2 protein chains.
Amino acid sequence: MSNYETEEDFLKDYKPKEYPSNAYTADIVILTIKDGKLCVLLVKRGGWPYKDCYALPGGFVDQDETSEMAAARELKEETNVEFEAHNLEQLKTYSTPGRDPRMRVISTAYLVFAPTGLIGTPVAGDDAVEAHFFAIEDIAGFNSNNDGIRLAFDHSTILADALERAASKLEDLPVATAFLDGTFTIPELRRVYEAVWGFPLHASNFRRKVLNTEGFVEPVGEVGKNDASGRVAELYKAGDVRILHPAILRSKSR
Amino acid sequence: MSNYETEEDFLKDYKPKEYPSNAYTADIVILTIKDGKLCVLLVKRGGWPYKDCYALPGGFVDQDETSEMAAARELKEETNVEFEAHNLEQLKTYSTPGRDPRMRVISTAYLVFAPTGLIGTPVAGDDAVEAHFFAIEDIAGFNSNNDGIRLAFDHSTILADALERAASKLEDLPVATAFLDGTFTIPELRRVYEAVWGFPLHASNFRRKVLNTEGFVEPVGEVGKNDASGRVAELYKAGDVRILHPAILRSKSR
DNA sequence: ACAATAGTGTCTTTTAGACAGTATTTG
DNA sequence: CAAATACTGTCTAAAAGACACTATTGT
């Protein structure tokens, strides 16, 4: 029985008891959109285990940092880009015994939306030989024919959870603009929703909903460039609202 | 450089390298409703640190179990009730250095909704001297006057996150019925929403929305008992739908 | 001119919110 | 009886979905 008078006295004498010891890592799901397709940053593994498979970027959490800080640090190391905290969202923690065949590893996954142009050539880390964005539809398990890029560890599960979370966040948070650069057109914004949700939207109804959702976007008063044929669209920038009301609901396939 | 031909060969020779070692625990937020008030199960701490404060139930995750399994096991030990997995939801993982003054502890929190009648007298565990349900409004930091029950570690933060998640889940998942016993009345269901959301609802509009949300509740064809004056309400049971459509939105105070 | 895409307007249906009024119970 | 609570019905406004139509660009 402890008989200390104050917490300071107790802690001064405290010796850690036996407890299970675990490695703790942070994994990051960085999504972006390229050519209208939803993509995720993956690093190719150069060594065992899962040699030649692809993995989410990530690494050990140091003793003096939170998993958020570790995720932000790894992100900087992998992409040379610093992300704001509000775009770095904790997704879920994975603790299944054996998820890493080498040892017990607990991993907290984070979710980040990256604008198409911001990230240059991702930099490969220690264990990796190359890092690239891959279209989700080219990853095994995320397309109809069951081939393509193979993911290491339980990263298929993590990615699936991330995609559902991303689709859900687009509904009531103004995060779709994080995929775009400073100014964008409504059709570009619509293509973000279509890429993440995986089905086409009615262009005119989408436009009305976005403009009726107060604070979602603000007109800039210019027109964008044309990368195909057709009318040139007007430019907007992200508004300052933090919650979309009314929400942009997907109503299909839930 | 590793030159193994197969993953089996590699793992046979593998020796863990140095990595930061962490304690890993699961904490559980068990919510229930008593006398129309939202309550949480807390255990009183008998020893340092945070002696005489109250804490969420929880404990170490064993090497051969997931944090989900640990949460379910702790829950059984604390309450003598087994919960189904779909009522046991991972909330968030907390990793701030120093959150436990004794050592580095990573903790994953879980959220559970308990029916009022199901849990008898909660059983105190090893480090605890008593375990009870406390009204949220009696906990320091969750009421207007800033006194009341004091929580240990970062459990105020965890509880705040849990309450927001609970309020959000009521909107589009049929989880409010998990607070009630097998059969219930619409007014009883409404009082669950009012307790979790913290503001009163229009009784007639609430009834219409619940009945228009297909599969949320099914009539039983009897009437309940009266614990006050007024007309006796009809009984319903939980339906089989997994997502509420249309959702029961709170539209206020978000 | 024609194809393609952006944007406007309109009609219908669904849902939310407010609230008046009726029904059933207790004291 | 009055008070309290459950339930029904109705009106209005917000919002979604479908879709016809106009506007502006590239080829």
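All values below were derived from every heavy atom in this structure, side-chain atoms included, with hydrogens, water molecules and symmetry-related copies excluded. The sequence lines fix the lettering, A, B, ..., with proteins before strands; numbering per chain opens at 1. A quick note: this is a predicted structure, and the numbers were derived from the prediction, not measured.
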Those residues that, when tested against [X], pass side-chain contact (heavy atoms from CB on, under 4.5 Å) (two or more places apart):
| X | answer |
| --- | --- |
| B:L173 | B:K169, B:V175, B:I243 |
| A:A247 | A:D172, A:L249 |
| B:D138 | B:A135 |

Contacts of type salt bridge (charged side-chain N to carboxylate O under 4.0 Å, His left out), residue B:R191, not counting sequence neighbours: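 Checked B:R191 against salt bridge (charged side-chain N to carboxylate O under 4.0 Å, His left out); zero matches.
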Verdict with supporting geometry, A:E137 and A:K34, salt bridge (charged side-chain N to carboxylate O under 4.0 Å, His left out): CA-CA 12 Å; A:E137 65 187 33; A:K34 282 186 165 179; over 6 Å; no
Non-hydrogen atoms of B:E194 and B:L201 that approach each other most closely: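 So the minimum-distance heavy-atom pair works out to OE2-N, 2.9 Å.
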Distance-minimising heavy-atom pair for B:L38 and B:I33: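 For B:L38 versus B:I33, the nearest heavy atoms are CD1-CG1, 4.1 Å.
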Sequence neighbours left out, what passes ring-ring contact (aromatic ring centres under 6.0 Å, His included) with [X]? Give chain and number order.
| X | answer |
| --- | --- |
| A:F216 | none |
| B:F179 | B:F113 |
| A:F153 | A:Y50, A:H155 |
| B:Y193 | B:W197, B:F206 |

Which whole-number value in Å describes the distance from [X] [atom1] to [N] [atom2]?
| X | N | atom1 | atom2 | answer |
| --- | --- | --- | --- | --- |
| A:F184 | C:dA6 | CZ | P | 15 Å |
| B:E171 | C:dT15 | CD | P | 16 Å |
| B:R207 | C:dA23 | CZ | C1' | 12 Å |

Below 3.5 Å between N/O atoms, which protein atoms pair up with nucleotides 25-27 of chain C? Just atom names and distances, please.
unit_1	atom_1	unit_2	atom_2	d
C:dT25	O2	B:G230	N	3.4

side-chain contact (heavy atoms from CB on, under 4.5 Å) between B:Q90 and A:T93, intermediate numbers included: CA-CA 8 Å; B:Q90 185 178 317; A:T93 296; 3.4 Å; yes
Polar atom pairs between nucleotides 9-14 of chain C and protein, under 3.5 Å, N or O only, would you list them?
none

Interatomic spacing from CG in A:L91 to OG in A:S107 - rounded to 0.5 Å: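 That separation rounds to 10.0 Å.
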First and last nucleotide of DNA chain D, 5' to 3', lying under 4.0 Å from heavy atoms of chain A: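 Contacts span D:dA15 to D:dG26, reading 5' to 3'.
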Residues touching DNA chain D, which here means a heavy atom under 4.0 Å, drawn from residues 185-196 of chain B: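 The stretch gives B:P187, B:R190, B:R191 as the residues lying under 4.0 Å from the strand, ordered by number.
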Phosphate OP1/OP2 of C:dA18: any B:H202 side-chain N/O under 4.0 Å: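 Yes, B:H202 has a side-chain N/O under 4.0 Å of OP1/OP2 on C:dA18.
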